[in-house]
**Student:** 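Just dropping this structure here.
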Amino acid sequence: MSNLAATDKLFFERAGMDRGRVEGIVADALSGADDGELFLEYKQAEMLLFDDGRLKSASFDTAHGFGLRAVSGEATGYGHASELSEEAIRRAGETVKAVRGGRTGAFAAPPPGTNRPLYVDDNPLALVPFETKVRLLSDIDAFARGRHPAVRQVTASLAGSWQAVQVLRPDGARAADVRPLVRLNVSVVVERDGRMETGSHGTGGRVTYDGVIAETTWKSAVDEALRQALLNLESVPAPAGEMPVVLGNGWPGILLHEAIGHGLEGDFNRKKTSAFAGLMGQRVAAPGVTVVDDGTLADRRGSISIDDEGTPSGRTVLIEDGILTGYIHDRLNARLMGQKPTGNGRRESYAYAPLPRMTNTVMLAGPHDKFDIIRSVKKGLFAVTFGGGQVDITSGKFVFSCTEAYLIEDGRIGAPVKGATLIGNGPDALTRVSMVGNDFALDPGIGTCGKDGQGVPVGVGQPTIKLDSLTVGGTAV
């Protein structure tokens with residue numbers, strides 16, 4: 001069954017709405033506007049948390065609703081409700097008509113169609129019994145506790161969702177998507193001689209639970225969390241000061257996402273509040289640095305067959321060999337900047353209007369071997385995993401904490417360190433990249449991006465890279 005047929009059953013047959021009448025309401029509401037759409041959503045979500053040797057919480061939620069948007073010039077009228085009915089949509093239509101006075105021209109053309117499937121449309125929540133999920137978390141707890149005598153606490157969680165969306169435009173164009181999403185997380189606390197440390201690991205993507213509950217998968221997650229925790233028991237205080245920094249492959253791409261990616265979103269550049277505003281075609285990074293936002297990667301957490309405006313996702317080259325070549329666009333900002341939408345109009349749910357958001361943002365591989373990169377550093381830091389961070393989009397300044405990092409001494413990886421933070425400026429940091437590795441990797445499928453109060457799943461990735469100089473905040477004295 002096609003996505004349109006499947007979602008028609010949810011939004012029209014089950015809700016008792018007539019599609020023809022709904023299309024007429026949308027056409028009337030958006031008559032005289034520059035752009036807009038009706039966004040229909042049905043979503044199921046669950047989360048199970050196992051902690052302290054028992055199932056501590058389990059939740060299941062079903063939500064549905066619509067968002068109706070009218071765009072005239074830069075103005076947006078938006079109405080939404082958790083009720084799927086023709087009358088509710090009609091009421092929202094009367095509200096969004098208020099912005100039609102700012103119309104600038106002909107109604108924007110619809111997105112191109114696509115039949116490209118990037119992931120299965122099976123509902124992961126319905127395929128695995130609740131008892132099986134609880135038993136899995138219990139097995140994870142028992143396996144982790146028996147893995148090492150230093151283990152004191154184990155926390156495991158399993159989360160899944162199934163989202164069906166349909167986008168209707170006043171010209172009759174329609175697009176639909178059915179999106180699974182699952183995630184497994186494991187956290188382990190260890191203790192030795194009164195010192196306690198934590199390690200964690202997660203995995204997931206747009207797959208069914210089969211992709212994360214396989215024994216080899218969850219045991220690998222436990223072992224990785226335990227490895228990090230035991231490593232932290234051996235860690236020494238991090239140094240401080242300016243020094244070369246080597247970023248590992250995969251998850252460290254989160255720094256690229258936050259410090260660089262947000263600054264390349266269309267709304268910030270249209271409003272000229274990004275550090276990259278006005279720099280199209282100019283060098284913004286060292287030669288060899290190519291950054292891409294790609295929503296077309298199969299089964300990845302950040303991938304979407306269509307965005308939440310109905311535009312097919314794409315592969316957008318943002319920086320090519322150090323030159324700024326593109327921005328991430330939704331329909332509104334692309335139109336106002338004279339550009340084409342890139343399939344990045346995303347929203348957390350029907351209750352929000354779409355914004356230009358990243359999907360899977362990655363730096364492509366280069367020619368260098370990882371260990372040659374390490375050997376090139378006399379004294380510095382090797383950052384493998386990151387925790388939280390903060391970024392100022394306007395200035396590009398960032399601060400990120402490292403959850404796994406090592407000293408580099410005389411070209412060799414030394415002792416693990418604790419308390420390291422990386423401090424810098426995104427655009428400036430890109431110019432300091434002197435070596436790009438050939439070991440590109442994607443993150444394990446755990447990323448969520450926040451913007452304007454909305455969270456959406458995203459992916460990151462990169463090879464090992466060397467920055468010749470970066471400020472490291474540490475605790476060593």
**Student:** Any donor-acceptor pair under 3.5 Å linking the side-chain atoms of S349 with those of K43?
**Tutor:** no

**Student:** Mind telling me whether Y78 and H80 have parallel, tilted or perpendicular rings, with 30° and 60° as the class edges?
**Tutor:**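 Geometry flag for Y78 against H80: tilted rings.
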
**Student:** Is a side-chain donor or acceptor of D392 paired with a backbone partner of G396 at a separation under 3.5 angstrom?
**Tutor:**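 No; zero donor-acceptor contacts below 3.5 Å.
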
**Student:** Looking only at side-chain N and O atoms, does S235 offer a donor or acceptor that is under 3.5 Å from a partner on R195?
**Tutor:**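 The answer is yes; a qualifying pair exists.
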
**Student:** At what distance, to the nearest 0.5 angstrom, does OG1 of T342 lie from CG of D294?
**Tutor:** 11.5 Å

**Student:** List the atom of L118, the atom of T296, and the distance in Å for their closest heavy-atom pair.
**Tutor:**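 Closest pair (atom of L118, atom of T296, distance): CD2-O, 3.2 Å.
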
**Student:** T325 and E320: side-chain donor and acceptor closer than 3.5 Å?
**Tutor:**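 E320 and T325 do not have a side-chain donor-acceptor pair below 3.5 Å.
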
**Student:** Taking T361 for its side chain and H257 for its backbone only, find out whether a donor-acceptor pair lies under 3.5 Å.
**Tutor:** no

**Student:** Any side-chain heavy atom of N249 within less than 4.5 Å of one from F440?
**Tutor:**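 Side chain of N249 against side chain of F440, heavy atoms only: no contact under 4.5 Å found.
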
**Student:** Would N185 and R183 count as having a side-chain donor-acceptor pair, cut-off 3.5 Å?
**Tutor:** yes

**Student:** When you measure from the side chain of T217 to the backbone N and O of I213, does any donor-acceptor pair fall under 3.5 Å?
**Tutor:** no

**Student:** Test D293 against every option in T359, N360, T316 by the side-chain hydrogen bond (donor to acceptor under 3.5 Å, both in side chains) rule and name the one that passes.
**Tutor:**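 Result for side-chain hydrogen bond (donor to acceptor under 3.5 Å, both in side chains) with D293: T359.
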
**Student:** For side-chain contact (heavy atoms from CB on, under 4.5 Å), just list the numbers for V188 and Q153, CA-CA rounded to whole Å, side-chain angles, deciding distance to a tenth of an Å, and then say yes or no.
**Tutor:** CA-CA 6 Å; V188 176; Q153 178 66 10; over 6 Å; no

**Student:** Do NZ/NE/NH1/NH2 and the carboxylate oxygens of K451 and D267 come within less than 4.0 Å?
**Tutor:**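 Counted as a salt bridge, because a side-chain N and a carboxylate O are separated by less than 4.0 Å.
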
**Student:** State plainly whether the residues D308 and R179 are in salt-bridge range, i.e. N to O under 4.0 Å.
**Tutor:**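 So D308 pairs with R179 through a salt bridge.
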
**Student:** Can a salt bridge be assigned to the pair E265 and R270 using a cut-off of 4.0 Å between side-chain N and carboxylate O?
**Tutor:**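 No.
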
**Student:** Just one of D369, D372, D439, N438 clears the side-chain hydrogen bond (donor to acceptor under 3.5 Å, both in side chains) bar with T464, so which one?
**Tutor:** D439

**Student:** Is D35 salt-bridged to R169, going by a charged N under 4.0 Å from an acidic O?
**Tutor:** yes

**Student:** Hey, are the side chains of R375 and I373 touching, using non-hydrogen atoms and a 4.5 Å cut-off?
**Tutor:** no

**Student:** Hey, are the side chains of W218 and V186 touching, using non-hydrogen atoms and a 4.5 Å cut-off?
**Tutor:**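 No, their side chains stay 4.5 Å or more apart.
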
**Student:** Could you go step by step and tell me if D177 and T7 meet the side-chain contact (heavy atoms from CB on, under 4.5 Å) rule?
**Tutor:** CA-CA 8 Å; D177 199 12; T7 55; over 6 Å; no

**Student:** Keeping the roles fixed (side chain from T311, backbone from P111), state whether a donor-acceptor pair exists under 3.5 Å.
**Tutor:** no

**Student:** So L467 and L430, do their side chains get closer than 4.5 Å, heavy atoms only?
**Tutor:**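 Side chain of L430 against side chain of L467, heavy atoms only: no contact under 4.5 Å found.
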
**Student:** If we ignore hydrogens and angles and just use 3.5 Å, is the side chain of T403 paired with the main-chain N or O of T385 as donor and acceptor?
**Tutor:** yes

**Student:** Identify which one of R331, E74, K271 satisfies the side-chain contact (heavy atoms from CB on, under 4.5 Å) criterion when paired with L336.
**Tutor:** E74

**Student:** Under a 3.5 Å threshold, yes or no: a donor from one side chain and an acceptor from the other, between D51 and T155?
**Tutor:**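 Side-chain D/A pair, D51 to T155: present.
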
**Student:** Tell me if a side-chain donor or acceptor on N269 pairs with a main-chain N or O of G263 at a distance below 3.5 Å.
**Tutor:** yes

**Student:** Give a yes or no on whether a salt bridge exists between R432 and D428, defined as a side-chain N under 4.0 angstrom from a carboxylate O.
**Tutor:** yes

**Student:** Taking the side chain from D34 and the backbone from G73, do they hold a donor-acceptor pair closer than 3.5 Å?
**Tutor:** yes

**Student:** List in chain and number order the residues that pass side-chain hydrogen bond (donor to acceptor under 3.5 Å, both in side chains) with K397, two or more places apart in sequence or in another chain; answer none if no residue qualifies.
**Tutor:** none

**Student:** Ignoring hydrogens and angles, tell me if any N or O in the side chain of D330 forms a donor-acceptor pair with the backbone of N344 under 3.5 Å.
**Tutor:**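 Judged by distance alone, no pair lies under 3.5 Å.
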
**Student:** Any donor and acceptor pair, going by atom type alone, linking the side chain of R152 with main-chain N or O of V190 inside 3.5 Å?
**Tutor:** no

**Student:** Measure the shortest side-chain to side-chain distance between M435 and S376 over non-hydrogen atoms and say whether it is less than 4.5 angstrom.
**Tutor:** yes

**Student:** Between L137 and L158, does a side-chain contact (heavy atoms from CB on, under 4.5 Å) hold up when you go through it step by step?
**Tutor:** CA-CA 8 Å; L137 296 176; L158 192 64; 4.2 Å; yes

**Student:** Have a look at R347 and tell me which of E37, E309, E41 forms a salt bridge (Lys or Arg N to Asp or Glu O under 4.0 Å) with it.
**Tutor:**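 Of all the options given, the one that passes is E37.
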
**Student:** Taking all heavy atoms of I328 and all of L318, pick out the closest pair and write down the distance.
**Tutor:** CG1-CD2, 3.8 Å

